[in-house]
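Beneath this line is the structure, given in structure tokens, with notes to follow.
Since the structure is predicted, the reported quantities are computational estimates derived from the model, not experimental observations.
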Amino acid sequence: MLKEKLTIDEYDELGLFSSYQIDKFEKKEIDVYTLVAVITLNAFNKGCQVAEV
């Protein structure tokens, strides 16, 4: 479980990354499964970075 919240900058970074991936999906560079996997894994990774170890 997360001990801290993401900052506004971290949310912004996740949003920009997601927008970039959606653009790649719309251009048919990646499929929907890759889109969901990449966005989910990136968000999970960012959450783990702020979790207390």
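Of the residues listed (Val36, Asn42, Val38), the one engaging Thr40 in a side chain to side chain contact (heavy atoms under 4.5 Å, CB included) is Val36, and it is the only one.
Leu35 places none of its side-chain heavy atoms less than 4.5 Å from the side chain of Asp31. Between Thr7 and Glu10 the shortest side-chain heavy-atom distance falls below 4.5 Å.
Summarising the geometry of Ser18 relative to Ile39, their closest heavy-atom pair is OG-CG2, 3.6 Å, with the distance given to 0.1 Å.
Atom NZ of Lys27 sits about 13.0 Å away from atom CD1 of Ile22, to the nearest 0.5 Å. In this structure, the separation between CZ on Phe25 and OH on Tyr33 is 10.0 Å, given to the nearest 0.5 Å. With rounding to the nearest 0.5 angstrom, the NZ atom of Lys28 is 9.5 Å from the CD atom of Glu26. Note that CD of Gln21 is 9.5 Å distant from CD of Glu29, once rounded to the nearest 0.5 Å.
Environment of CD1 in Ile8: sparse, with no more than 12 heavy atoms of neighbouring residues, nucleotides or ligands closer than 6.0 Å.
Tracing side-chain contacts under 4.5 Å through hydrophobic residues (I, L, V, M, F, W, Y), one never reaches Leu41 starting from Phe17; they form parts of separate clusters. Using a 4.5 Å cut-off between side-chain heavy atoms of Ile, Leu, Val, Met, Phe, Trp and Tyr, with links allowed through other members, Val32 and Ile30 fall into the same hydrophobic cluster.
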